[in-house]
Every structure is written in C-alpha cells, then in structure tokens.
Amino acid sequence: MKKSLLIIAIALGTVSSTVYASNITTNIETTLLESAVVRPELNVLCISIAKGDTEIVKKLIANGEDVNKKSNGLTPAMYAAKYNRTEILLLLIANGANVKTKCNKGYTALTYAKATNAKEAQRILEATLAN
C-alpha cells in the first residue's frame, strides 16, 4: 500500500512539473509579445535581434526596416553587440548601421559589447571603427 501511494505521488509530481514548465514557457512567450504591443518603442527588428532570429532580421531589412531606428533607446547594432549576434551585426553594418551612434545613456554598440563580454562583437566593431 505504501509503495502504491509513493508511486502515485511521484507520477503526479512528474506530471505537474511538466505542465508547470510548459506554462512558464508559454507565459514568457506571451509576455514578450505583450511587451511589444504595450511598449511600442520595442520594435520587431530589435526583438528579433535579441532572440537571434537572423532570417527575420534579413526579411525586415529587405523590406526597408531602418537599421538605425532606436528601440527602447538602443539601436539594432547595440542589441546585436549586447547579445553577441555577430552574423546579425555584420548584416546591419553591411546595410548602413551607424556603429558610432550613442544610446540615450551615452553608450555605443562597442560599449555594450565590452560590458557584456561579447568578444566577437567587440572585434567586429573595433575593426569597423578602425576603417
């Protein structure tokens, strides 16, 4: 009898933790979408950069998205540097991103790369600024 109760308790615990984990994921995705709707200063390009969605970034740029438009005070290059999205950073630079622009707090994309220890992004930005 005790073994049966123990097995049932373990089974219920496993099922509830799985359901809880999937609810957390759903809540995070919902919160991200709601924040983009509630806070219009967060643009789709910068959200896509933060998520690392290179294909969406390429499509947005191809459709004329401004590669220098600030989102929540940061440029797309700053988001790419902050999250070490090197492929996206190179894409932004190739499409005219100004890496010398400062955010509302006075920091550049290079500052964000250094602050987040994004070594590859830092190298790209230093090479771009040297040219």
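These figures come from a predicted structure and were not determined experimentally.
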S.K.: Could you list all the salt bridge (charged side-chain N to carboxylate O under 4.0 Å, His left out) pairs where at least one residue sits in residues 73-92, not counting sequence neighbours?
M.R.: K58-E87
S.K.: Considering only heavy atoms from C-beta outward, does the side chain of L110 approach that of K100 to under 4.5 Å?
M.R.: no
S.K.: Check side chain to side chain donor-acceptor pair (under 3.5 Å) between N117 and all other residues, then give those that pass, not counting sequence neighbours.
M.R.: K119
S.K.: Could you tell me which non-hydrogen atom of A118 sits nearest to which non-hydrogen atom of A81, and how far apart they are?
M.R.: CB-O, 3.3 Å
S.K.: Could you pull out all residues at least two apart from K59 that satisfy side chain to side chain donor-acceptor pair (under 3.5 Å)?
M.R.: none
S.K.: Return the set of residues passing salt bridge (Lys or Arg N to Asp or Glu O under 4.0 Å) with K69 (not counting sequence neighbours), or none when no residue passes.
M.R.: none
S.K.: Can you confirm whether V57 sits close enough to L91 that some side-chain heavy atom of one is under 4.5 Å from a side-chain heavy atom of the other?
M.R.: yes
S.K.: Apply side-chain contact (heavy atoms from CB on, under 4.5 Å) to V44 and L60, showing your working.
M.R.: CA-CA 8 Å; V44 177; L60 289 168; 3.8 Å; yes
S.K.: Could you go through residues 121-131 and list every donor-acceptor pair under 3.5 Å that involves a side-chain atom there, pairing it with any protein atom two or more places apart or in another chain?
M.R.:
| residue | atom | partner | partner atom | Å |
| --- | --- | --- | --- | --- |
| Q122 | NE2 | E126 | OE2 | 3.3 |
| T128 | OG1 | I124 | O | 2.8 |
| N131 | ND2 | A127 | O | 3.4 |

S.K.: Using the rule given for side-chain contact (heavy atoms from CB on, under 4.5 Å), can you reason through N72 versus Y79, listing the C-alpha separation, both sets of side-chain angles and the distance that settles it, and then say yes or no?
M.R.: CA-CA 10 Å; N72 201 26; Y79 279 96; 3.6 Å; yes
S.K.: What residues, two or more places apart in sequence or in another chain, satisfy side chain to side chain contact (heavy atoms under 4.5 Å, CB included) together with Y107?
M.R.: C103, K105, T111, Y112
S.K.: Would you kindly confirm whether M78 and V67 end up in one hydrophobic cluster when ILVMFWY residues are joined by side chain heavy atoms under 4.5 Å apart?
M.R.: yes
S.K.: Specify the closest pair of heavy atoms between A80 and I88, including all atoms of both residues, with the distance to one decimal.
M.R.: CB-CG2, 4.4 Å
S.K.: Which atom names give the shortest non-hydrogen contact between G73 and N104, and what distance separates them?
M.R.: CA-ND2, 3.3 Å
S.K.: With a 4.5 Å heavy-atom cut-off, do V99 and L92 have their side chains touching?
M.R.: no
S.K.: Assigning hydrophobic clusters by single linkage (Ile, Leu, Val, Met, Phe, Trp, Tyr; side-chain heavy-atom cutoff under 4.5 Å), is Y83 placed with I61?
M.R.: yes
S.K.: Is a side-chain donor or acceptor of S48 paired with a backbone partner of I56 at a separation under 3.5 angstrom?
M.R.: no
S.K.: To the nearest 0.5 Å, what is the distance between CG on N84 and CD on E120?
M.R.: 4.5 Å
S.K.: Roughly how far apart are T86 OG1 and I93 CD1, rounded to 0.5 Å?
M.R.: 10.5 Å
S.K.: Using modelled atom types only, decide if a donor and an acceptor are shared between the side chain of N68 and the backbone of T75 within a distance under 3.5 Å.
M.R.: no
S.K.: Give, for atom CD1 of I49 and atom OG of S71, the distance between the pair rounded to the nearest 0.5 Å.
M.R.: 9.0 Å
